[in-house]
Amino acid sequence: MLNYTIRRLLISIPTLLFISLVIFLLLDLAPGDPMSSIPLTVPPEVKEKMREALGLGEPVHIRFLNWLYQFFVVEPQVAWDHLFGTDFAEGKQRIISFQSRSPVMTVVAERMPQTLWVVGLSYVIGILIALPIGIISAYKQYSWFDQIGTFISMIGFSIPTFFSGVLLIVVFSVILQWFPSIYDTTHTVTDWGSFWYQVKQMIMPVSVLALYNAAQISRFMRASMLDNLNQDYVRTARAKGMSEKVVVLSHVLRNSMIPVVTVIALGVPTIFGGAIITEQVFQVNGLGQMLITAIYASDAPMVQTLTFIFAVLIVLFNLIADILYGILDPRIRYD
Amino acid sequence: MADGAAPVLNVRDLTTVFKTRSGAVHAVNSVSFSLKPGELLGIVGESGSGKSVTMMSLIGLIPAPPAIVSGEAVEFGGLDLLTATDDELRRIRGARIGFVFQDPMTSLNPVFTIGHQIMEPLRKHMGMTKPEARARAQALLELVGIPDAERRLKDYPHQFSGGMRQRVMIAIALACDPEVLIADEPTTALDVTIQAQILELMHELRAKLGMAVIWITHDLGVIAGIADRVLVMYGGQIVEHADVRDLFKQPRHPYTRALLQTVPRVRGERAERLEVIEGQPPILHAAPSSCSFAARCPFSFERCLRENPARFEVGPGHDAACFYDFDAGGPRHVG
Ligand SMILES: Nc1ncnc2c1ncn2[C@@H]1O[C@H](COP(=O)(O)OP(=O)(O)OP(=O)(O)O)[C@@H](O)[C@H]1O
Ligand code: SF4
Ligand SMILES: [Mg+2]
């Protein structure tokens with residue numbers, strides 16, 4: 001297993017380098033000019049200066065290597081310095097956002113908590129809702145519980161989040177005025193009152209995303225349970241006199257969780273990616289929203305860095321999913 | 001075999017109906033038989049004749065609903081299994097009645113070790129501690145002839161061959177010293193040499209442990225070698241019942257006679273699935289109102305289409321459900 005993991009990690013290095021190159025070239029080819037948002041009154045010579053300051057004058061391969069160096073050497077050094085008070089990164093050029101003129105990673109670190117809280121929490125809640133629903137729906141197939149579950153999950157993944165999100169805003173913010181319609185990113189929790197406000201502003205975006213996640217995962221869990229409930233080993237367990245609890249929650253569940261755990265692991269990178277649309281609807285200042293604004297502003301370093309981080313996460317969680325699979329299923333041997 | 005001894009299992013008028021979307025399927029129709037202590041009762045019949053459903057019905061392994069299991073009584077250990085609670089049934093299954101199923105490749109849970117699966121009933125029914133159960137599990141593996149038992153307890157099913165897995169299944173079935181062992185085509189999925197080994201093993205174990213065995217097969221050749229008495233099933237009914245010698249010497253049902261013609265001449269060779277008798281076994285959508293073998297029977301006459309024959313006594317301990325009297329060479333006049 002360890003060998004396999006190391007081998008996979010090594011293989012992912014060229015893969016990721018290739019991905020970063022492709023992203024870089026695509027962004028380079030894309031139309032759009034970071035200077036386009038500069039007021040027309042700024043004289044052309046000044047604009048040219050600004051371009052150079054942003055490193056836009058260099059040929060493409062130099063800019064790419066530059067980015068690689070900054071991403072893999074400078075930024076880790078900065079993080080290291082930050083943690084241990086050293087000064088390795090002293091005076092080195094970091095990856096700078098065209099828009100805000102501040103280091104990309106600083107902005108990412110600022111935005112990350114919003115996304116992790118809202119999207120991450122909705123993922124966790126979605127899973128916690130989905131697993132029992134999937135298990136019961138399968139065990140009591142075609143019961144009213146299963147029928148209702150099926151109906152709700154159909155709604156869950158057929159209604160786009162921009163619709164359900166706006167619907168919630170109209171009902172609960174505009175009509176009932178229970179929850180704020182705009183997520184206040186600057187809000188800090190200091191006491192019970194502010195904690196309650198934080199809960200209130202999170203309820204709607206988290207529910208929208210949790211419903212969506214729960215819909216998909218519960219269907220998956222149900223299908224996997226159904227697959228296993230008809231297996232011969234289930235009959236064997238019953239013939240041994242095992243209670244239904246042991247049969248379902250030990251024998252069947254243990255087998256059914258294998259593919260579900262994999263799917264859940266593969267879904268984790270999407271948390272970091274943020275739920276772009278939901279963040280837009282509720283104006284959560286998360287990574288997803290930042291990516292969208294960066295794309296509009298042709299902020300190549302920001303888009304490049306963010307997409308590359310997502311790529312790393314996807315590759316990493318693919319590996320984690322495979323390893324989990326190997327741990328959960330004794331039939332799988334990675335040698 | 002003490003002839004007068006009270007039967008360990010007495011099945012009276014067992015009937016199982018499946019409610020399916022395409023109508024009812026009467027899989028077991030008024031089956032009655034008894035099992036004496038220590039005897040080996042063979043049950044033969046081609047695929048779909050209701051052998052498995054009969055056995056699973058009497059111990060509550062058929063999910064009901066949707067199926068309907070009814071009858072006069074299934075007497076076992078002073079209890080009527082048809083009216084027993086789920087809890088009472090669970091205390092009998094795996095403890096006092098052991099099961100071995102047809103397909104060893106799928107009958108074991110792939111994600112649990114063999115040891116765990118053998119220990120489960122021991123801990124549940126015999127209240128053993130883990131070390132006690134492990135010691136007994138090891139002894140059981142040795143009993144069924146698996147070498148290096150201590151180490152193999154930690155192995156998973158996929159690390160065993162088909163024949164070895166069937167031995168494990170037998171070990172599980174024997175774990176709690178059952179009074180009755182029900183073996184549902186335990187050798188069908190295995191190749192001929194392994195089949196012979198398993199048969200040999202069962203022979204030995206029965207002599208050693210003295211339990212009563214119900215051995216289901218579609219292979220009369222196997223029955224000839226091991227059974228004391230035989231039930232022949234067709235269309236969910238018992239069509240003939242006799243001591244093994246009588247059955248081979250004087251078969252009294254046209255279906256049994258046809259079966260006997262298909263017994264392979266070379267011993268041990270697998271019987272082809274009764275292709276000699278033209279036609280298919282019926283799927284009954286209603287309780288039988290005529291002889292279910294009539295469509296394939298060379299002796300059928302008008303009464304056979306009007307009435308379902310009862311089991312007529314044709315000799316001591318020998319009965320056949322047929323209107324044709326082979327001793328008289330013409331239609332039976334009784335009944
Ligand atoms: N769950 C079910 N729903 C509907 N019909 C069923 C179900 N299980 C079994 N049957 C039907 O009951 C009949 C008897 O099946 P059973 O499995 O007992 O046959 P069998 O004698 O054991 O055959 P085999 O030798 O193939 O194991 C068949 O016609 C089958 O189609
Ligand atoms: S009752 Fe009639 S049809 Fe049925 S087996 Fe006997 S002779 Fe054949
Ligand atoms: Mg069967």
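Chain letters run A, B, ... following the sequence lines, proteins first and then strands; every chain starts at 1.
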| request: Pick whichever of B:Q159, B:R91, B:H158 has the most heavy-atom pairs under 4.5 Å with chain A. | output: B:H158

| request: Identify the two heavy atoms, one from A:P330 and one from B:P110, that lie closest to each other, and give their separation to 0.1 Å. | output: CG-O, 3.2 Å

| request: Count the heavy atoms belonging to other residues, nucleotides or ligands that lie under 6.0 Å from CZ of A:F18, then report whether that count exceeds 12. | output: no

| field | Part of B:Q117 within contact of chain A (heavy atom distance under 4.5 Å) | value | both

| remark: Of all heavy-atom pairs linking B:H125 and A:K240, the shortest is NE2-O, 2.7 Å

| request: Could you tell me which non-hydrogen atom of B:K124 sits nearest to which non-hydrogen atom of A:G241, and how far apart they are? | output: CE-O, 3.0 Å

| remark: The reported gap from CZ in A:R254 to CG in B:N109 (rounded to nearest 0.5 angstrom) is 8.5 Å

| said: Under a 3.5 Å distance rule, please check whether B:T106 uses its side chain to pair with a backbone N or O of A:D232 as donor and acceptor. | reply: no

| Can you name the nearest heavy-atom pair linking A:R238 to B:R93, along with the distance? | O-NE, 2.9 Å

| query | Considering residues, nucleotides and ligands other than A:F72, do more than 12 of their heavy atoms fall under 6.0 Å from its CZ? | reply | yes

| query | Parallel, tilted or perpendicular for B:F112 and A:H251, by the 30°/60° rule? | reply | perpendicular

| message | Tell me which of these, B:A173, B:G60, B:G94, B:G98, has more heavy-atom pairs under 4.5 Å with chain A than the rest. | response | B:G94

| request: Mark yes when over 12 heavy atoms from residues, nucleotides or ligands other than B:I283 sit less than 6.0 Å from its CD1; otherwise mark no. | output: no

| task | Show your working on side-chain contact (heavy atoms from CB on, under 4.5 Å) between A:M242 and B:R90 and close with a plain yes or no. | result | CA-CA 7 Å; A:M242 296 295 118; B:R90 270 195 285 274; over 6 Å; no

| task | Check whether A:V246 gets within reach of chain B through its side chain, its backbone, both or neither, counting any heavy atom under 4.5 Å. | result | side chain

| query | With a cut-off of under 6.0 Å to the ring centre and 45° to the axis, is A:R235 in cation-pi contact with B:F101? | reply | yes

| message | Looking at A:Y212, I want to see if its OH is surrounded by more than 12 non-hydrogen atoms of other residues, nucleotides or ligands under 6.0 Å. | response | no

| task | Check whether B:L61 gets within reach of chain A through its side chain, its backbone, both or neither, counting any heavy atom under 4.5 Å. | result | side chain

| CG of A:N3: more than 12 outside heavy atoms within 6.0 angstrom? | no

| Which region of B:M56, side chain (C-beta onward) or backbone (N, CA, C, O), has a non-hydrogen atom less than 4.5 Å from a non-hydrogen atom of chain A, or is it both or neither? | side chain

| If you count the non-hydrogen atoms of other residues, nucleotides and ligands that lie under 6.0 Å from CD in B:E150, is the total more than 12? | no

| Do A:L328 and B:V111 touch side chain to side chain, with heavy atoms closer than 4.5 Å? | no

